[in-house]
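Each ligand, and each atom within it, is numbered from 1 in the order the structure gives.
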Amino acid sequence: MSLISAKQILDDANKKGYAVGAFNVNNMEFLQAVFSAAESEKSPIIIAASEGAMKYAGPKMLYSMVKTLSDDYPQIPAALHLDHGSNLAAVMTAIKAGFTSVMIDASHFPYEENLKMTKQVVGICRPIGVSVEAELGRLQGVEDNVSVAERDAVLVRPDEARDFVSASGIDFLAPAIGTSHGAFKFKGEAKLDMGRLKKVKELTGIPLVLHGASSVPEPASKKFEEFGGNLKGAKGLPFDVLKEAIKNGINKVNTDTDLRISFLAKVRESMATDKSQIDPRKIFGPAKDYVIEVIRERMKVLGSSGRA
Ligand code: PGH
Ligand code: CA
Ligand code: ZN
């Protein structure tokens with residue numbers, strides 16, 4: 001199948017109440033893992049590439065690999081999405097390379113500035129069928145001792161979300177509801193502001209995105225530490241909380257950290273147990289297979305299995 005926009009994938013998820021994984025990739029092995037998992041699970045996929053990924057692999061290289069794989073797996077609906085695009089130049093670079101979806105992340109600017117930049121991106125993308133994601137609020141751990149006023153400054157405000165969506169014309173929105181990027185998301189109990197999420201869904205009705213959604217699965221992080229790594233204090237989003245977020249309106253689940261940890265956990269294991277191995281394929285191959293298992297498990301939790 002040729003690449004489609006993320007909107008096409010997420011509209012179905014929104015209608016039927018499930019979520020699709022947006023998996024961050026930087027290289028061939030991760031891409032192969034995402035497509036292979038999608039094939040096994042019969043799941044649609046969103047391939048997410050950040051500005052860092054474009055810098056590391058090259059935007060054209062990323063596009064070519066994704067295009068080749070989507071030709072190899074014609075039955076899998078797939079989109080190539082720019083993750084956290086910080087300005088118009090990054091958006092243009094992605095579009096020119098062939099990306100079918102972009103995020104413009106101006107959420108750290110004041111509301112009006114965020115809206116202005118987002119509208120500009122929608123103006124460029126809408127006519128060419130590229131879908132647009134924007135963000136409201138900032139990703140940050142929600143601490144128990146944070147006051148209501150401070151939480152409001154960090155998390156999405158539902159009334160703003162309603163106005164922002166209708167004024168900007170975006171296709172899907174990332175509302176900050178208490179997650180953060182990386183392996184250390186929560187000091188205590190993993191808690192998201194579900195009430196806020198529900199309200200945003202009620203007021204906007206469009207597909208919603210959860211950033212910082214990795215679960216830091218225990219088998220992978222245990223393996224990582226067993227073979228010399230240090231992930232002390234790591235805590236992700238438990239599957240039950242993730243499922244509740246999906247029930248309350250999340251349709252796109254951004255996942256980077258889980259792939260990183262599982263790949264490198266297996267690399268650590270292989271290198272420790274086969275010390276004279278000099279063939280990288282013997283190290284990366286099993287790591288890729290391990291990432292496939294982690295992605296498949298996630299697709300089941302998200303409810304995207306069987307939707308392709
Ligand atoms: C993410 C990924 N990418 O945009 O939001 O978050 O660090 O939880 O994988 P994680
Ligand atoms: Ca942001
Ligand atoms: Zn993110």
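- The closest side-chain heavy-atom distance from His84 to His211 is below 4.5 Å.
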query = When you look at Ser262 and Asp258, which way does the side-chain hydrogen bond (donor to acceptor under 3.5 Å, both in side chains) test go after all the steps?
reply = CA-CA 6 Å; Ser262 47; Asp258 285 359; over 6 Å; no

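- Put simply, the side chain of Glu189 never gets that close to the backbone of Lys191: no donor and acceptor are under 3.5 Å apart.
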request  = Output, in order, the C-alpha distance, side-chain angles, deciding distance and verdict of side chain to side chain contact (heavy atoms under 4.5 Å, CB included) for Ser101 and Phe172.
outcome  = CA-CA 11 Å; Ser101 182; Phe172 36 105; 3.6 Å; yes

inquiry  = Using salt bridge (Lys or Arg N to Asp or Glu O under 4.0 Å), reason through Asp159 and Lys199 one step at a time and then give a plain yes or no.
reply    = CA-CA 9 Å; Asp159 56 332; Lys199 196 89 203 143; over 6 Å; no

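- At least one side-chain heavy atom of Ile261 sits under 4.5 Å from a side-chain heavy atom of Leu231.
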task = Kindly determine whether Asn230 and Glu225 satisfy side chain to side chain contact (heavy atoms under 4.5 Å, CB included), including the steps that lead there.
result = CA-CA 5 Å; Asn230 180 6; Glu225 295 210 293; 3.7 Å; yes

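- By the 4.5 Å heavy-atom criterion applied to side chains, Ile124 and Met92 are counted as neighbours.
- Within His211, the N/O/S atom positioned nearest the Zn ion (ligand 3) carries the name ND1.
- Outside the 6.0 Å centre-distance limit, the rings of Phe263 and Tyr290 are not counted as a close aromatic pair.
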Short N or O contacts of ligand 1 with protein, under 3.5 Å, listed by atom name?
unit_1: ligand 1; atom_1: 3 (N); unit_2: Asn24; atom_2: OD1; d: 3.4
unit_1: ligand 1; atom_1: 3 (N); unit_2: Asp83; atom_2: OD2; d: 3.2
unit_1: ligand 1; atom_1: 4 (O); unit_2: Asp83; atom_2: OD1; d: 3.2
unit_1: ligand 1; atom_1: 4 (O); unit_2: Asp83; atom_2: OD2; d: 2.5
unit_1: ligand 1; atom_1: 4 (O); unit_2: His84; atom_2: NE2; d: 3.2
unit_1: ligand 1; atom_1: 4 (O); unit_2: His211; atom_2: ND1; d: 3.2
unit_1: ligand 1; atom_1: 4 (O); unit_2: Asn254; atom_2: ND2; d: 3.2
unit_1: ligand 1; atom_1: 5 (O); unit_2: His181; atom_2: NE2; d: 2.9
unit_1: ligand 1; atom_1: 5 (O); unit_2: His211; atom_2: ND1; d: 3.4
unit_1: ligand 1; atom_1: 5 (O); unit_2: Gly212; atom_2: N; d: 2.8
unit_1: ligand 1; atom_1: 6 (O); unit_2: Gly212; atom_2: N; d: 3.3
unit_1: ligand 1; atom_1: 7 (O); unit_2: Gly182; atom_2: N; d: 2.8
unit_1: ligand 1; atom_1: 7 (O); unit_2: Thr257; atom_2: OG1; d: 2.6
unit_1: ligand 1; atom_1: 8 (O); unit_2: Lys185; atom_2: NZ; d: 2.5
unit_1: ligand 1; atom_1: 8 (O); unit_2: Ala213; atom_2: N; d: 3.2
unit_1: ligand 1; atom_1: 8 (O); unit_2: Ser214; atom_2: N; d: 3.0
unit_1: ligand 1; atom_1: 9 (O); unit_2: Ser214; atom_2: OG; d: 2.6
unit_1: ligand 1; atom_1: 9 (O); unit_2: Asp256; atom_2: N; d: 2.7
unit_1: ligand 1; atom_1: 9 (O); unit_2: Thr257; atom_2: N; d: 2.8
unit_1: ligand 1; atom_1: 9 (O); unit_2: Thr257; atom_2: OG1; d: 3.4

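- A salt bridge does not link Asp289 to Lys266: none of the charged nitrogens lies less than 4.0 Å from a carboxylate oxygen.
- Inside a sphere of radius 3.0 Å centred on the Ca ion (ligand 2), the protein N/O/S atoms present are Asp105 OD1, Asp105 OD2, Ser107 OG, Glu135 OE1.
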